Structure formats: structure tokens, C-alpha cells
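Every chain is numbered from 1 and lettered A, B, ... according to where its sequence line falls, protein lines coming before strand lines. The shown structure was predicted, so the numbers you read here are calculated from the model rather than taken from an experiment.
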There are 2 protein chains.
Amino acid sequence: MPEFDETFSAQFRPGSPVKGSKTGEPIMALFDLIGRRWSMGILWNLAKQDRTFRDLQASCDSASPTVLNTRLKELRAVGLVEKTANGYSLTTNGRELFEKLEPLGEWAKSWTKTL
Amino acid sequence: MPEFDETFSAQFRPGSPVKGSKTGEPIMALFDLIGRRWSMGILWNLAKQDRTFRDLQASCDSASPTVLNTRLKELRAVGLVEKTANGYSLTTNGRELFEKLEPLGEWAKSWTKTL
DNA sequence: GCAATATGCTACAAAAAATGTAGCGATGCA
DNA sequence: TGCATCGCTACATTTTTTGTAGCATATTGC
């Protein structure tokens, strides 16, 4: 498990109110985590296949290495992503979360047509 | 339909690459929209019941009125949320999206226990 | 071996987004 | 008519995200 440090977003630093939610509702805490730029994109792309840092960057609209690295640290800290010999991959937990996210893919397709 | 204006986040302003995704994948465009602070929280809370601006603010960890208003404009602009006589509510489309989001609630509960 | 290239990341400055707070106009109701 | 509440905007401050440069460590070609 990686160490927490000052590169984490404020709510994920040690001592922050449990996982960022003032109301204490788990769903709001989760939204706080994955509702950040690139978090869901990272999960989505890692689910399709393990990725190196570079691959991941390319598949995430060229997000800057700075955020990408921050997001990866956060996701690793909560046990959704892990670092492997040749890059990053989802943990069992991460894969579980992805399964809940997956239905959004189909929906998104029909949604963009309405715009 | 509300008018686009400079209070929108950069990718949602007129002329921006279709809905913010460089890769053009619908899912990334969706993530770009809902992966912003409070977007999912707003959808989640509106799904439970229609809300006034004030209620919504309270149910979203007291998000500042500034962002709340920006998010609501964005969500209205893409037809997920609508303004009613006494507040805000989800459109049919919004409700559809919520259904895809709903399974996250249960998952979040068990997830917080692992932290 | 050893330069050339690629990869994973950090530093740091600049831009953009979120926050907090004050306050204004409209509506409700006493 | 006076006072409270609501929905929202203005604006200054703080946090995040971005962009770019660059450095250390593999990896490749020769």
C-alpha cells in the first residue's frame, strides 16, 4: 500500500474526514473519489487491459502526467488499482467497481446521439 | 433549454470539441460530464426526490452555491435535469442515467468497510 | 559496450475550477 | 409594511488541473 502524501487531493490526505464525505453516506464518499477528473477513465481503461503509464495517458485524452500520477496514487491507496511489473492493473475490488460502471458504456452511446 | 455562457466549464461551452472528449468515445464524454465535483451527487439526490436549490445544497455536503449552480446549468444543458415550479428534478433521460448509477450505492457501502 | 531512445515520473509555473462569503431582487407571510 | 427565506450572482481566495521541461532508469540498435 503506497504512503499518503501531500500530492493527494485534500480529502484523501490522512486526517481528513472519513473519505471526504461530510454527510457520511458511502455513496457520496465514493462519488468524491471517482468523481474527479480521470478517475473513472482510468478504471475504465484498466479494465479493458493492463496499461503502462504511457498507454494510460494516451487512452485518457492525454491527461497530464501530473494528475494521472496523483489519481493513480489515490486509486492505489484505496485498493482499487495496483502496480504490477509492467504497469498498472485493477485489483479485485477495482474490477468489482468496474462491473457496476460498465452499463454506463452502452447508455453513453445512446446519450451522445441526443446531444 | 438554458443558454450556454461563460460560467460553464470549458468543455461545455459552445464550440468545444463534441462534449469534451478528444478520443470521441461516448463513455469518456460522459465521464467528463459526470466526473466533476457534485455532478453525480446532484443526480443521486434528485433521484430520491425533487429538490429546491437549498435542499440540494444541503444534501450535497454544502457545496457552494457557485458550483451547484454551474453544475445545474450544465446538467440542464444536456437534458438530464430540468427546472420546475418548485425546484429541480430529473428528466426522463436523467432518470435513465440514474438507474445505471444506482448499483453503485450498494457497492459503496461494502467498499467503505474495507477502508 | 555504449550511444540513442523510451518510459515513468517529478518540479514548477500558469490556467482553470471550486470555495466562501457577502449581498441583491423576488416571493411569502405576519 | 416589515422581516425572513429563497434562488442566485459577484468576487476574492484557495485548490486543482494543466503544460512543459527535465531527470533517472530501463531497453534497443549497433
Rounding to a whole Å, what distance do you find between [X]:[atom1] and [N]:[atom2]?
| X | N | atom1 | atom2 | answer |
| --- | --- | --- | --- | --- |
| B:Ile42 | C:dA18 | CD1 | P | 11 Å |
| A:Arg71 | C:dC9 | CZ | P | 15 Å |
| B:Leu68 | C:dA18 | CG | P | 12 Å |
| B:Asp61 | C:dA18 | CG | P | 15 Å |

Would B:Asn86 and B:Thr52 satisfy side chain to side chain contact (heavy atoms under 4.5 Å, CB included), going step by step from the backbone distance to the final call? CA-CA 6 Å; B:Asn86 41 7; B:Thr52 63; 5.5 Å; no
What heavy-atom pair brings [X] and [Y] nearest, and what distance separates the two atoms?
| X | Y | answer |
| --- | --- | --- |
| B:Trp111 | A:Val78 | NE1-O, 4.0 Å |
| A:Ser39 | A:Ile34 | CB-O, 3.5 Å |
| A:Trp107 | B:Leu30 | CZ3-CD1, 3.8 Å |
| A:Pro65 | A:Gln57 | CD-NE2, 3.4 Å |
| B:Leu56 | B:Arg51 | CD1-CG, 3.9 Å |

Indicate yes or no: at least one non-hydrogen side-chain atom of B:Val81 is less than 4.5 angstrom from one of B:Leu43. yes
Salt-bridged, B:Lys48 to A:Glu25, with N to O below 4.0 Å? yes
Step by step, work out the side chain to side chain contact (heavy atoms under 4.5 Å, CB included) result for B:Arg76 and B:Glu82. CA-CA 6 Å; B:Arg76 284 203 290 149; B:Glu82 64 192 349; 5.5 Å; no
Which class fits the ring pair B:Phe98 and B:Trp44: parallel under 30°, tilted 30 to 60°, perpendicular over 60°? perpendicular
Any chance you could lay out the side chain to side chain contact (heavy atoms under 4.5 Å, CB included) test for A:Leu97 and B:Leu104, step after step, and finish with the verdict? CA-CA 8 Å; A:Leu97 173 55; B:Leu104 288 172; 3.5 Å; yes
Short N/O separations, protein against nucleotides 23-27 of chain D, under 3.5 angstrom:
none

Each nucleotide N or O in nucleotides 25-30 of chain C that has a protein N or O under 3.5 Å away: list the pair and distance.
none

Strictly below 4.0 Å: does A:Arg37 bring a side-chain N or O up to OP1 or OP2 of D:dT18? yes
Could you go through nucleotides 7-9 of chain D and list every protein N or O atom that sits under 3.5 Å from one of its N or O atoms, giving the distance for each pair?
{"residue": "D:dG7", "atom": "OP1", "partner": "B:Phe53", "partner atom": "N", "Å": "3.4"}
{"residue": "D:dG7", "atom": "OP2", "partner": "B:Arg54", "partner atom": "N", "Å": "2.9"}
{"residue": "D:dG7", "atom": "N7", "partner": "B:Arg54", "partner atom": "NH1", "Å": "2.8"}
{"residue": "D:dC8", "atom": "OP1", "partner": "B:Lys83", "partner atom": "NZ", "Å": "2.3"}
{"residue": "D:dC8", "atom": "OP1", "partner": "B:Tyr88", "partner atom": "OH", "Å": "3.0"}
{"residue": "D:dC8", "atom": "OP2", "partner": "B:Tyr88", "partner atom": "OH", "Å": "2.7"}
{"residue": "D:dT9", "atom": "OP2", "partner": "B:Asn69", "partner atom": "ND2", "Å": "2.0"}

